[in-house]
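Working notes, beginning with the structure itself.
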Amino acid sequence: MLNGIDVSSANGCVDWDKLKGKIDFAILRCGYGSDRADQDDKQWARNVAECSRLGIPWGAYLYSYAMSTAEAESEAAHALRLLHGLTPAYPVYIDMEDADGYKAKRGGISRQLATDICRIFCERLTAAGYTAGFYANKDWAVNRLDMAQLSKWTFWLAQYNDRVTYTGKYDMWQYSSSGSLPGIVGRVDLNYCLRDFSLAAASNSSGLRLDTSSKNMNSGEKYTVLAHCQERPAVTIVGRDVIAVSEPRLDPKGRGWLIDVQGLPPEPAVRHGHIMVTSGGQTVQCNFNVR
């Protein structure tokens, strides 16, 4: 089994360097509720960047307040907005725990509606290319969700115990909310994962991809190429009198590697240069036309 944590802004500013080597994965809250910027998790971008920088496989979750299918659609859109351009190795979950009693205080939701909310979220995330799942405690799994309707997606079970008594299928188990780890002030949720989702993500990767294949530039203009790949790419240049190119650096959003290309002072006519980007045994070319 793999050992991991899940964190949100409630855990403050995590020192991920101290966690490196002590966990196998992290599930990061991206936000909560409907698609509003003020409901984005305040530590989301930093947590993603830090996990990516340190090579800690990560997934995401969105805490649900949905009480209708329309609100479920908005919550899916919320997660997709924050995940745009990112490639988590672990699943993206909808969190159905109702820990603060929001749903209960408003009369609750039916078992079918709760199931539909999970289904809509998972369908939208799956359609966008992510591994989708849902989080709930044993009571929700047994009494408040129709697990048969959700069987195609991965389940993250919460049961604070020394063993699981839930008899259904699950891939991740949150077994404690009172863990203590270096780099985190206060308590942190602890999890076991029965599947190494990062291996599946690596095998499903489409390999090296650049965000553009051609760019027209003026002299002095700079364009940053995003190389979607795991390994640090090697860059070769044709036309060093046309373009200047930086060394690749990690994208702080965790999408891959950034390469700055700047157009050099021109001759009377348009000049042409290109870069060859190589990673993981693949090479892709990007052309630049500089005036």
Side-chain angles (χ1 to χ4, degrees), residues 2 4 6 8 25-36 39-41 44 47-48 51-52 57-97 109 111-137 140-141 144-158 168-174 191 193-207 209 228 230 253-256:
L2 299 165
D6 60 275
S8 70
F25 67 92
I27 308 298
L28 314 174
R29 190 179 73 165
C30 60
Y32 55 90
S34 296
D35 189 12
R36 292 169 34 181
Q39 295 184 161
D40 299 351
D41 189 284
W44 161 249
N47 285 339
V48 169
C51 285
S52 300
W58 61 273
Y61 77 94
L62 183 131
Y63 185 94
S64 178
Y65 283 105
M67 297 191 68
S68 68
T69 55
E71 289 177 343
E73 295 280 6
S74 184
E75 291 188 344
H78 191 177
L80 288 171
R81 171 172 60 81
L82 293 169
L83 288 161
H84 180 70
L86 301 175
T87 52
Y90 274 69
V92 181
Y93 298 93
I94 183 169
D95 180 343
M96 291 295 289
E97 63 184 321
I109 54 177
R111 185 179 190 185
Q112 187 57 55
L113 178 54
T115 303
D116 287 341
I117 289 168
C118 291
R119 176 185 55 77
I120 289 168
F121 183 93
C122 290
E123 285 177 348
R124 301 300 177 265
L125 271 292
T126 300
Y130 298 99
T131 300
F134 58 104
Y135 164 102
N137 61 32
W140 275 76
R144 307 190 193 191
L145 292 170
D146 186 336
M147 299 296 281
Q149 294 184 44
L150 302 173
S151 61
K152 66 176 70 173
W153 296 291
T154 183
F155 177 44
W156 177 11
L157 170 69
K169 180 183 176 182
Y170 63 95
D171 291 314
M172 194 178 300
W173 169 31
Q174 185 186 77
N191 301 270
C193 189
L194 282 63
R195 291 173 58 186
D196 190 345
F197 287 99
S198 62
L199 293 178
S203 66
N204 291 334
S205 172
S206 59
R209 177 169 54 89
H228 295 276
Q230 295 286 332
K253 296 183 179 179
R255 299 171 296 177

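Note that this is a predicted model, so its numbers are computed, not measured. Throughout, residue positions are numbered sequentially from 1 according to the sequence presented.
Judged as a salt bridge (Lys or Arg N to Asp or Glu O under 4.0 Å), and not counting sequence neighbours, D95 has no contacts. With sequence neighbours excluded, the residues satisfying ring pair (Phe, Tyr, Trp, His ring centres under 6.0 Å) with Y135 are W156. Listed by chain and residue number, Y63, Y102 satisfy the ring pair (Phe, Tyr, Trp, His ring centres under 6.0 Å) test with Y65 (two or more places apart in sequence, or in another chain). The salt bridge (Lys or Arg N to Asp or Glu O under 4.0 Å) search around R81 returns D35, D40, not counting sequence neighbours. Scanning for side-chain hydrogen bond (donor to acceptor under 3.5 Å, both in side chains) contacts around D171 gives T154, R195, with sequence neighbours left out. Applying the side-chain hydrogen bond (donor to acceptor under 3.5 Å, both in side chains) criterion to T126, with sequence neighbours excluded, gives W153. Among residues two or more places apart in sequence or in another chain, the ring pair (Phe, Tyr, Trp, His ring centres under 6.0 Å) test is passed with W140 by none. Residues passing the salt bridge (Lys or Arg N to Asp or Glu O under 4.0 Å) test with R119, sequence neighbours excluded: D116, E123. Judged as a side-chain hydrogen bond (donor to acceptor under 3.5 Å, both in side chains), and not counting sequence neighbours, the contacts of N47 are W16. Here Q39 pairs with nothing under the side-chain hydrogen bond (donor to acceptor under 3.5 Å, both in side chains) rule; sequence neighbours left out.
A distance of 13.0 Å separates CG in L62 from CG in L28, rounded to the nearest 0.5 Å. Between the CD atom in Q174 and the CG atom in L157 there is a gap of 9.0 Å [rounded to 0.5 Å]. Atom CG of D41 and atom OG of S8 lie 5.5 Å apart (nearest 0.5 Å). Atoms CG and CH2, from N191 and W173 in turn, are 10.5 Å apart once rounded to the nearest 0.5 Å. Remark: I120 CD1 to S68 OG distance equals 8.5 Å, nearest 0.5 Å. Taking OG1 of T69 as the start and CG of L113 as the end, the distance is 7.0 Å to the nearest 0.5 Å.
Pairs passing the salt bridge (charged side-chain N to carboxylate O under 4.0 Å, His left out) check and including a residue from residues 145-158, sequence neighbours excluded, do not occur. Every pair passing salt bridge (charged side-chain N to carboxylate O under 4.0 Å, His left out) that includes a residue from residues 69-79 is listed here, sequence neighbours excluded: E73-R124.
When atom types are taken as modelled, the side chain of Y93 and the backbone of I27 share no donor-acceptor pair closer than 3.5 angstrom. At distances below 3.5 Å, not a single donor-acceptor pair connects side-chain atoms of R111 with backbone N or O atoms of R144.
G31 and L82 get closest at one heavy-atom pair: N-CD1, 4.4 Å. The two residues L150 and T115 come nearest to each other via the heavy atoms CD2-O, 3.7 Å. Of all heavy-atom pairs spanning G133 and C122, the tightest one is O-SG, 3.6 Å. Contact detail for M172 and C193: the closest heavy-atom pair is CE-SG, 3.9 Å. In plain terms, the two heavy atoms of A136 and L145 that are nearest each other are CB-CD1, 4.0 Å. The minimum heavy-atom distance between C51 and A26, with the atom names listed, is SG-CB, 4.3 Å.
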*Tell me, with the steps shown, if I109 and I117 meet side-chain contact (heavy atoms from CB on, under 4.5 Å).*
CA-CA 10 Å; I109 54 177; I117 289 168; 4.0 Å; yes
**CA sep, side-chain torsions, deciding dist, call: Q112, Q149, side-chain contact (heavy atoms from CB on, under 4.5 Å)** = CA-CA 10 Å; Q112 187 57 55; Q149 294 184 44; 3.0 Å; yes
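Less than 6.0 angstrom separates the ring centroid of F197 from the ring centroid of Y90.
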